[in-house]
Asker: 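Let me give you the structure first, and then I'll get to my questions.
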Amino acid sequence: MPSPETVESFVSLVEGGQTVEAMVRFYAEHATMQENAAPPRVGKSALIKHEEDALASITSLKATCVRPIFVSGDFVVIRWVFEIQDRNGKSVRFEELAHQRWEGELMAEERFFYDPAQLK
């Protein structure tokens, strides 16, 4: 189960635009990440690579955690609002729920739930 300080540190990094650093610090080596019902990506290095590629395709990313953060044992649910601007100047705002399973102070699984229509 993650400590409240760990969860807050994770959120703080993401809100500060340091998503890769958040992954480096808080994801387990065997972590998985899944978008809605798509197959999960597996392994910390693959997750970081995917994030770096996504960040390279945009000019700005603003993340806001909508509180409260729900914590129950090893499980954490965070509601995020993202504002993204792509390289063509198109701005997108979308919301998602991140359902996480932690093993101690490291995240082992993360699954995002969102309406893909928001990204169009």
Side-chain angles (χ1 to χ4, degrees):
M1 173 171 54
S3 70
E5 295 80 17
T6 294
V7 174
E8 288 297 333
S9 292
F10 171 78
V11 168
S12 180
L13 284 172
V14 174
E15 286 186 320
Q18 297 178 285
T19 56
V20 172
E21 177 63 22
M23 297 170 86
V24 168
R25 287 185 50 194
F26 295 109
Y27 283 54
E29 290 299 322
H30 60 279
T32 64
M33 185 180 284
Q34 185 174 2
E35 309 280 336
N36 287 324
R41 295 183 293 279
V42 180
K44 183 176 181 175
S45 61
L47 302 182
I48 290 171
K49 171 76 168 107
H50 184 271
E51 184 71 7
E52 290 171 338
D53 290 347
L55 291 172
S57 71
I58 63 174
T59 58
S60 68
L61 168 70
K62 179 182 178 198
T64 304
C65 172
V66 180
R67 296 180 184 279
I69 299 170
F70 296 96
V71 180
S72 180
D74 291 337
F75 295 93
V76 175
V77 177
I78 302 172
R79 179 180 168 198
W80 291 107
V81 175
F82 293 98
E83 296 173 51
I84 300 169
Q85 186 169 47
D86 69 17
R87 296 216 173 267
N88 297 320
K90 179 183 173 192
S91 295
V92 175
R93 181 185 183 279
F94 77 98
E95 294 189 31
E96 71 178 13
L97 290 178
H99 182 269
Q100 305 166 341
R101 184 179 64 79
W102 291 69
E103 293 175 349
E105 298 296 304
L106 296 176
M107 193 184 312
E109 296 175 12
E110 187 169 39
R111 185 169 177 186
F112 303 114
F113 295 92
Y114 58 88
D115 179 0
Q118 298 177 93
L119 302 173
K120 294 182 178 172

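The residues of the chain are indexed from 1 along the displayed sequence. In this text the structure is predicted, and so the values were computed from the model without any measurement.
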Asker: Are E35 and R41 side-chain neighbours, meaning at least one heavy-atom pair lies under 4.5 Å?
Answerer: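 When only atoms from C-beta onward are counted, R41 and E35 do touch, with a gap below 4.5 Å.
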
Asker: Can any side-chain N or O of Q34 pair as donor or acceptor with the backbone N or O of A38 at less than 3.5 Å?
Answerer: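 The answer is yes, because a donor-acceptor pair under 3.5 Å joins these two groups.
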
Asker: What is the minimum heavy-atom distance between G73 and M1, and which atoms define it?
Answerer: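 Looking at all heavy atoms of both residues, the closest pair is O-CG, 3.0 Å.
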
Asker: Taking the six-membered ring for Trp, are H99 and F113 parallel (under 30°), tilted (30 to 60°) or perpendicular (over 60°)?
Answerer: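 If you compare the ring of H99 with that of F113, the planes turn out perpendicular.
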
Asker: Taking R87 for the side chain and A56 for the main chain, is one N or O donor matched with an acceptor at less than 3.5 Å?
Answerer: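 Looks like yes, one N/O pair under 3.5 Å.
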
Asker: Under a 3.5 Å distance rule, please check whether S9 uses its side chain to pair with a backbone N or O of E5 as donor and acceptor.
Answerer: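 A pair under 3.5 Å: yes.
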
Asker: Taking L13's backbone N and O only, do any of them form a donor-acceptor pair with E21's side chain (distance below 3.5 Å, no angle check)?
Answerer: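 Here the side-chain-to-backbone pair does not exist.
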
Asker: Quick one: are I48 and Y27 in side-chain contact, heavy atoms under 4.5 Å?
Answerer: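 In short, these two side chains do not touch, never coming nearer than 4.5 Å.
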
Asker: So how far is it from I78 CD1 to R67 CZ, rounded to the nearest 0.5 Å?
Answerer: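 One gets 8.5 Å once the value is rounded to the nearest 0.5 Å.
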
Asker: Is the side chain of R111 donor-acceptor paired with the backbone N or O of N36 at a distance under 3.5 Å, no angle test?
Answerer: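 Looks like yes, one N/O pair under 3.5 Å.
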
Asker: Any non-hydrogen side-chain atom of V76 less than 4.5 Å from a side-chain atom of M107?
Answerer: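 Contact flag for V76/M107 side chains = no.
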
Asker: Give a yes or no on whether the backbone of K90 and the side-chain of N88 come within a donor-acceptor separation of less than 3.5 Å.
Answerer: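 Pair absent, no side-chain N/O of N88 close to backbone of K90.
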
Asker: Under 4.0 Å between a side-chain nitrogen and a carboxylate oxygen: does that hold for E51 and K44?
Answerer: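 The answer is no: the pair does not qualify as a salt bridge.
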
Asker: Taking the side chain as every heavy atom from C-beta outward, state whether W80 and Y114 have any pair of such atoms under 4.5 Å apart.
Answerer: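 Sidechains of Y114 and W80: no contact.
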
